[in-house]
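Contents: one structure, followed by commentary.
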Amino acid sequence: MKREGYLIDLLHSYDNEQSYVVLVVKEEGRKTFYRYPFDPYFYLETEDPEQVQKDLDSFSVLYKDQVVKVKRTEIVERLTPDKTWKKLLKIYCYHPNHVPMVHEALKPYGKSYEYKIPYLHRFLADTKLIPLNYIVFEEEDHEVKEILSQEDRMIPLNVMAFDIEVYNKTNPPDPRSNPIIMISLYSKNLGGKVITYRDSPGGVDGVITVRDEREMIERFCDIVNDEDVDLLIGYNSAMFDIPYLKERSKVLGTSLNLGLDYSGIEYRRHGMSATVRIPGRVHIDFYPVMRTLGGMGAVRIQRYTLEEAYRNIIGDLLGSKNIDKQEIWRYWDDDNLRDVLFRYSIGDSRAVYEISKVVLPVEIQLTKASGLPLSEVYHAPTSKMVESALMRVAVDKRYIIPNLPKESEVRLRMNNPIKGGFVKMPNPGVYEDIIVFDFRGMYPSIVVSHNVDWYSYDPDAPEEECYVSPNGYKFRKDSETLIPYVLKRLLSLRGGLKDKLKTLDKNSREYEHLFAKTQALKILINSFFGYLGYARSRWYCRECASSITAWGRYYITNTIQKAEQRGFQVLYADTDSLFILLKGHDKDDALQFLEEVNRQLPSDMELEFEGYYPRGVFVSKRTEVGKGAKKKYALIDDRGVIKIRGFELVRRDWSEIAKETQLKVLEAILKDGDPKKAVKIVKDVISSLKKGEVPLDKLIIYTELKRDPKNYAVISPEVAAAVKARDRGVKVGKGSIIGYVIGKTGKTVSEKAEYYLFAKDYDPDYYINNQVLPAVMKILRELGYSEEELKTNSRQTTLWE
DNA sequence: GCGAGCAGCGTACCT
DNA sequence: ACAGGTACGCTGCTCGCG
């Protein structure tokens with residue numbers, strides 16, 4: 001029978017010596033599972049494949065009392081990693097777990113390939129199915145016979161956000177003894193609800209009161225089933241809410257049947273992450289999503305709390321009051337406070353839901369662009385997405401996917417980094433009339449215009465058949481192999497979408513949809529260069545990565561030279577951008593120069609006009625006064641919008657008081673052109689710091705612990721604060737963002753550092769001399785002010801008052 | 001024993 | 001667990017001086 005629907009997710013099942021991929025398909029009105037028989041396999045490169053094939057007909061290995069047999073074999077031709085076509089033995093197994101066992105057992109016969117590709121990834125790459133696409137297929141008895149077609153349609157998803165509250169007087173909450181008191185949820189259909197087992201004294205809207213905790217969990221499962229939720233979303237839910245719910249269910253003698261038709265969920269924790277499988281639904285945790293977006297610089301966030309994430313993505317805070325997790329039990333016990341907690345809980349679910357409205361479209365498009373299931377994309381490193389996109393094409397072209405490097409090889413690669421981009425040192429000062437140009441997608445465009453690829457790299461090829469990089473590596477022109485092939489398609493897809501966007505109404509659903517697609521493509525496209533130089537990459541190519549940066553350095557330095565020959569002063573340049581001073585030239589002159597440059601560039605490369613800035617500041621390095629600091633500048637455009645890069649005020653590891661003062665100083669100089677105003681601002685801040693008037697929350701410095709506190713050679717302030725906090729029961733460790741305040745007690749800065757929750761006072765000298773003054777002096781020094789001047793004046797100011 | 005000077009550690013930024 | 005280039009605060013060592 002012909003069926004059709006959206007491919008929501010994929011699972012694995014095994015039955016009667018047959019391995020299946022289970023497709024979760026959202027059909028008209030309901031979701032259904034369909035089994036797709038698919039045998040896992042790997043390849044063996046061996047001297048005499050025919051002979052080994054015969055031997056394998058009766059092949060079996062013993063593994064932990066289990067006889068593992070080979071299901072079937074065939075001889076195929078593939079391009080192996082030594083870049084020659086060879087006959088290989090393709091060995092099919094009964095169960096995905098058998099693949100590594102058989103591979104291990106067959107080591108004496110030769111080298112094997114593709115034995116470590118996860119089963120579902122293997123299936124997706126081979127069938128070319130894209131998760132979330134609309135599929136049409138032939139089915140019999142819930143078994144897929146044939147996929148007829150697939151289409152990229154806008155997918156309707158029933159999204160439900162949820163959040164739990166726990167009653168605990170001591171930290172951290174323990175599921176064996178601390179009950180869950182509320183489960184809140186938010187969906188388009190239901191709005192905000194909170195399931196609980198105490199009444200709402202004021203009759204808060206959306207409160208559903210049941211008998212006890214057990215019934216609360218069961219009711220939650222009922223609602224998820226009744227609503228037939230497609231996406232169950234939370235914040236830190238993979239590491240907290242889901243395992244807590246699961247544990248409590250066990251303690252209470254019930255089960256957490258959130259899956260389709262009340263099927264149970266699967267939860268596995270592996271160190272810093274976890275897998276959550278809810279059959280028939282997709283679970284997404286937006287905490288790792290925010291971490292990834294933060295790591296890429298797509299969002300700038302101080303700490304990855306739900307509140308911060310919401311503020312960053314949506315803007316204003318939700319109405320509900322923020323409650324300290326350690327205080328929750330008081331709100332539960334107090335009839336006068338419980339309603340506040342209900343509203344807070346619903347507010348959190350709603351916040352997650354609102355975040356998802358913005359971020360989910362991009363995750364959906366990353367799924368489609370990479371081909372990884374949505375359930376993996378949300379916590380996948382970009383390398384996984386690139387690898388997935390490449391694997392599909394490699395299978396198509398019958399290229400063997402190179403094996404993962406051994407640890408020794410990884411170390412070798414890491415100890416031998418490649419040279420990166422070129423950065424020109426600026427002269428510090430305040431400038432007028434700056435034009436910024438940059439190369440549009442420099443590295444991707446270098447790859448496609450010079451055919452840079454693992455497969456096209458050929459040291460033995462004749463030069464005339466190759467693009468030769470500035471550092472002397474040769475890439476064949478004649479064949480469009482893997483990465484340039486994939487990139488070219490992604491780039492043209494993105495180009496087409498951007499053109500289409502220009503014709504659409506910015507508030508339309510279609511615009512939103514296509515915009516998310518361009519965002520996802522941008523993320524993926526920009527990841528290919530990194531992947532070529534990534535030590536654990538399957539297609540690692542040092543020659544490729546170093547050639548790309550060499551060409552990059554060539555084009556930017558060449559453009560700088562041309563600009564200077566044309567009489568422009570080049571103020572600054574970094575990798576793919578250059579800042580020129582107009583000084584005597586007019587804007588058209590600069591644009592004419594731009595055209596000249598573009599005429600000489602390869603067709604896939606383009607230098608773009610980024611912007612015109614009436615004024616800008618470059619500052620001195622702290623260590624070498626007079627020499628300009630790279631990667632630190634502020635520009636103001638003709639509409640008064642300030643663009644700030646690298647300054648303390650964009651860094652999380654500086655206190656708010658230093659950052660806000662630095663911003664005010666920059667504004668006084670760039671907007672008002674009034675250094676005196678800037679000086680007054682600084683004096684006022686110093687004065688209030690001295691008087692102890694500045695609230696502690698403006699003095700918090702945030703720093704991430706990249707490792708466990710035990711593993712530091714040097715005890716820096718954030719480590720000292722973290723250790724003190726840990727001694728007082730706060731859960732901090734690798735990955736925590738530590739907020740601390742420099743207090744009055746102690747000798748060194750580390751001794752004075754106190755975890756923000758325990759900070760009682762602050763050291764004004766530290767905040768004046770180590771925070772505010774260094775931040776603002778950077779800028780004021782360029783205008784001829786000295787530190788002493790500011791400090792002396794400020795002292796006088798206080799005397800006058 | 002003590003302060004100055006410095007190297008190295010470590011983080012967060014820029015492209 | 002995508003790349004390298006860069007600034008810079010802090011710790012903790014060395015060294016010279018007394």
Side-chain angles (χ1 to χ4, degrees), chain A residues 271-273 291-292 294-297 300-302 379-387 404-405 407 410 413-414 416-426 436 438-439 441-443 523-537 539-542 544-546 548-550 552-553 556 572-578 610 619-624 627-633 643-654 658 701-707 711-720 737-738 742 747-753 766 769-771 774-775 778:
Chain A
M272 297 283 287
S273 67
R291 290 295 294 227
T292 308
M296 288 188 320
R300 196 188 298 280
I301 214 167
Q302 302 275 309
H379 60 121
T382 48
S383 58
K384 278 266 178 301
M385 298 190 226
V386 170
E387 206 163 89
L404 288 168
E407 273 312 301
V410 170
R413 291 175 181 181
M414 289 203 289
N416 192 14
I418 61 155
K419 208 170 158 195
F422 167 80
V423 191
K424 181 181 159 69
M425 191 182 71
V436 179
D438 56 25
F439 283 90
M442 186 191 236
Y443 288 173
I523 291 172
L524 195 61
I525 287 165
N526 287 335
S527 306
F528 280 81
F529 160 70
Y531 186 76
L532 278 170
Y534 170 47
R536 290 171 199 280
S537 164
W539 280 279
Y540 177 82
C541 178
R542 196 177 190 280
C544 300
S546 68
I548 295 166
T549 58
R553 292 191 299 275
I556 196 69
Y572 178 61
D574 185 351
T575 312
D576 61 356
S577 67
L578 71 157
E610 194 273 336
V619 296
S620 270
K621 274 174 57 152
R622 193 193 63 88
T623 46
E624 291 160 284
K627 289 201 169 186
K630 297 166 175 180
K631 300 177 193 285
K632 252 176 216 216
Y633 59 85
K643 179 168 166 176
I644 296 157
R645 293 293 119 102
F647 277 117
E648 287 67 17
L649 80 97
V650 301
R651 296 177 64 99
R652 74 150 70 94
D653 57 357
W654 282 75
I701 296 162
Y702 294 104
T703 309
E704 182 179 349
L705 293 184
K706 301 263 187 195
R707 49 181 89 156
N711 301 333
Y712 282 92
V714 177
I715 305 304
S716 44
E718 65 275 14
V719 177
I737 291 178
I738 307 297
I742 302 305
K747 254 184 102 184
T748 65
V749 179
S750 282
E751 280 167 22
K752 292 183 195 179
Y766 177 83
N769 294 318
N770 297 35
Q771 292 277 323
K778 255 191 180 68

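Throughout, protein chains are lettered first and strands after them, A, B, ... in sequence-line order, and every chain is numbered starting at 1.
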- Item | Rounded interatomic separation in angstrom, taking CD1 from Ile523(A) and P from dA3(C) | 17 Å
- Using a cut-off of less than 4.0 Å, is there contact between a side-chain N or O of Tyr534(A) and OP1 or OP2 of dG4(C)? no
- Looking for any heavy atom pair under 4.0 Å, which part of the strands does Ser750(A) touch: base, sugar-phosphate only, or nothing? sugar-phosphate
- Message: Return whichever of Gly421(A) or Arg536(A) has its heavy-atom-nearest nucleotide of DNA chain C closer to the 5' end.
- Response: Arg536(A)
- Leu649(A) CG to dA7(C) C1', in whole Å, measures 15 Å
- Answer with base, sugar-phosphate or nothing: what part of the nucleic acid does Lys419(A) contact at a heavy-atom distance below 4.0 Å? sugar-phosphate
- For the pair made of CZ in Arg553(A) and P in dA3(C), what is the distance, rounded to whole Å? 17 Å
- Go along nucleotides 2-15 of chain B 5' to 3' and tag each nucleotide: B for a protein heavy atom under 4.0 Å from its base, S when only backbone or sugar atoms are that close, - otherwise. -------SSBBSBS
- Between dA3(C), dT11(C), dC8(C), which one does the side chain of Lys621(A) approach most closely? dC8(C)
- Note on the structure: Between Trp539(A) and the options Phe528(A), Tyr531(A), Tyr534(A), the side chain to side chain contact (heavy atoms under 4.5 Å, CB included) test singles out Tyr531(A)
- Are the charged groups of Lys621(A) and Glu624(A) less than 4.0 angstrom apart, N to O? yes
- For Trp654(A), report the nucleic acid contact type (base, sugar-phosphate, nothing); a contact means any heavy atom under 4.0 Å. sugar-phosphate
- Message: For a quick check of understanding: with a heavy-atom distance under 4.0 Å over all strands, which category does Leu532(A) fall into, base, sugar-phosphate or nothing?
- Response: nothing
- Do Glu387(A) and Arg536(A) sit within salt-bridge range, that is, some charged N less than 4.0 Å from a carboxylate O? no
- Item | Lys/Arg N to Asp/Glu carboxylate O, Asp574(A) vs Lys631(A), below 4.0 Å | yes
- Query: What does Ser383(A) touch in the nucleic acid at a heavy-atom separation under 4.0 angstrom: a base, only the sugar-phosphate, or nothing?
  - Reply: sugar-phosphate
- Protein-nucleotide distance (Met442(A), atom CE; dC2(C), atom C1'), rounded to Å: 18 Å
- Item | Lys384(A) atom NZ: more than 12 heavy-atom contacts under 6.0 Å | no
- Which part of the nucleic acid, if any, lies within reach of Gly420(A) when heavy atoms closer than 4.0 Å are counted: base, sugar-phosphate only, or nothing? sugar-phosphate
- Query: In whole angstrom, what separates Ile418(A)'s CD1 from dA3(C)'s C1'?
  - Reply: 6 Å
- Taking C-beta and beyond as the side chain, do Met385(A) and Ile523(A) meet within less than 4.5 Å on heavy atoms? no
- Message: It should be established whether Asn770(A) places a side-chain nitrogen or oxygen under 4.0 Å from OP1 or OP2 of nucleotide dC10(C).
- Response: yes
- Message: Please classify the nucleic acid contact of Lys778(A) as base, sugar-phosphate, or nothing, using heavy-atom distances under 4.0 Å.
- Response: sugar-phosphate
- Query: Can you name the residues that form a salt bridge (charged side-chain N to carboxylate O under 4.0 Å, His left out) with Glu718(A), not counting sequence neighbours?
  - Reply: none
- Return the value, rounded to whole Å, for the distance between atom CD1 of Ile715(A) and atom C1' of dC10(C). 12 Å
- Rounded distance in Å - CZ (Arg413(A)) to P (dA3(C)): 12 Å
- Task: Sequence neighbours left out, what passes ring pair (Phe, Tyr, Trp, His ring centres under 6.0 Å) with Tyr443(A)? Give chain and number order.
- Result: Phe529(A)
- Query: Rounded to the nearest Å, what distance is computed from the OH atom of residue Tyr540(A) to the P atom of nucleotide dA3(C)?
  - Reply: 10 Å
